[in-house]
Amino acid sequence: MNVHIHPSARRLVDEMAHTPGELLVLAGLWLTSAPLVLDHAKAGLAYPGLNDVAVGLSIVALALIRVLHIRHTAALALISAGLGAWLLAAPFVRGYQELSPLATANDIAMGLVVIALAVASWRGHDKHA
């Protein structure tokens, strides 16, 4: 069955598939700047800031690849979801949840955002595979 899709509708679907990846880039950029903006060093620990920068840069790299090459990159969205899960767990695994409540709150919020966007990006792959 050959269904004709109007070019405007096709472009809208393409944009919707790219949007989660583009928002993941922004989330990753926020994570890399969060240690400076939120003053993670106040807790006397370097780890929360280093974690945010490393995870943020990883998310940016994966999301950019995903945005630029949507086909055959669905696994990258799942890796990003895993990084989001690590953001949720990191304050408790590394023990800075009480020493740095602001870093903890940011990591939990961004973990949830990253997971949601990564899953949306992964699900959008079905339309482009």
Side-chain angles (χ1 to χ4, degrees):
M1 180 169 158
N2 191 5
V3 176
H4 175 44
I5 298 175
H6 191 275
S8 296
R10 164 88 51 210
R11 190 171 67 226
L12 178 62
V13 169
D14 288 344
E15 286 300 315
M16 287 172 38
H18 281 285
T19 299
E22 292 162 350
L23 291 174
L24 275 169
V25 171
L26 293 177
L29 290 173
W30 164 252
L31 281 167
T32 60
S33 64
L36 298 172
V37 176
L38 300 178
D39 195 16
H40 285 14
K42 226 191 250 186
L45 300 171
Y47 185 78
L50 292 174
N51 183 63
D52 283 358
V53 169
V55 172
L57 289 174
S58 299
I59 289 169
V60 167
L62 293 170
L64 280 174
I65 293 168
R66 185 95 171 100
V67 167
L68 297 173
H69 304 285
I70 191 88
R71 296 184 194 280
H72 311 297
T73 60
L76 298 181
L78 296 178
I79 293 169
S80 293
L83 290 169
W86 168 249
L87 283 171
L88 289 173
F92 308 100
V93 171
R94 300 299 297 185
Y96 61 86
Q97 76 277 7
E98 290 180 14
L99 297 172
S100 186
L102 193 53
T104 299
N106 184 62
D107 285 354
I108 290 170
M110 292 309 299
L112 293 170
V113 166
V114 167
I115 290 169
L117 290 172
V119 168
S121 177
W122 176 69
R123 293 195 71 204
H125 173 0
D126 294 341
K127 297 174 184 81
H128 293 283

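All values below come from the heavy atoms of this structure, side chains included, with hydrogens, waters and symmetry mates left out.
- Here the shortest heavy-atom pairing between Ile65 and Thr73 reads CG2-CG2, 4.3 Å.
- Asn51 contributes atom CG, which lies 9.5 Å from atom CG of Leu83 (distance to the nearest 0.5 angstrom).
- Connection of Leu64 to Leu29 is established within a shared hydrophobic cluster, with ILVMFWY side chains joined at heavy-atom distances below 4.5 Å, either directly or through further cluster members.
- Summarising the geometry of Leu38 relative to Leu102, their closest heavy-atom pair is O-CD2, 3.7 Å, with the distance given to 0.1 Å.
- Tracing side-chain contacts under 4.5 Å through hydrophobic residues (I, L, V, M, F, W, Y), one never reaches Leu50 starting from Val37; they form parts of separate clusters.
- Considering every non-hydrogen atom in both Ala81 and Ala118, the closest pair reads N-CB, 3.5 Å.
- Here the side chains of Ile108 and Phe92 are in contact, with some heavy-atom distance below 4.5 Å.
- Between Gly111 and Leu87, the shortest heavy-atom distance links the atoms CA-CB, 3.8 Å.
- The minimum heavy-atom distance linking Gln97 with Thr104 is given by the pair CA-OG1, 3.0 Å.
- With Ser121 contributing its side chain and Leu117 its backbone, the two residues share no donor-acceptor pair below 3.5 Å.
- Hydrophobic clustering of Ile, Leu, Val, Met, Phe, Trp and Tyr side chains at less than 4.5 Å, counting indirect connections, keeps Val53 apart from Val60.
- Contact detail for Tyr96 and Ala103: the closest heavy-atom pair is CE1-CB, 4.2 Å.
- Between the side chain of Arg94 and the main chain of Tyr47, no donor-acceptor pair closer than 3.5 Å is present.
- How far CG of Leu31 is from CG of Asp107: 7.0 Å, rounded to the nearest 0.5 Å.
- The shortest side-chain heavy-atom distance between Asn106 and Asp52 falls under the 4.5 Å cut-off.
- Glu22 pairs in a side-chain contact (heavy atoms from CB on, under 4.5 Å) with only one of the listed residues (Leu24, Val25, Thr19), which is Thr19.
- Residues Leu23 and Ile59 share a single hydrophobic cluster, defined by chaining ILVMFWY side chains whose heavy atoms lie under 4.5 Å apart.
- Leu88 is listed as a side-chain neighbour of Ile115, based on a closest heavy-atom distance under 4.5 Å.
- Under a hydrophobic-cluster definition in which Ile, Leu, Val, Met, Phe, Trp and Tyr are linked whenever side-chain heavy atoms come within less than 4.5 Å, directly or via other members, Leu57 and Leu62 are assigned to different clusters.
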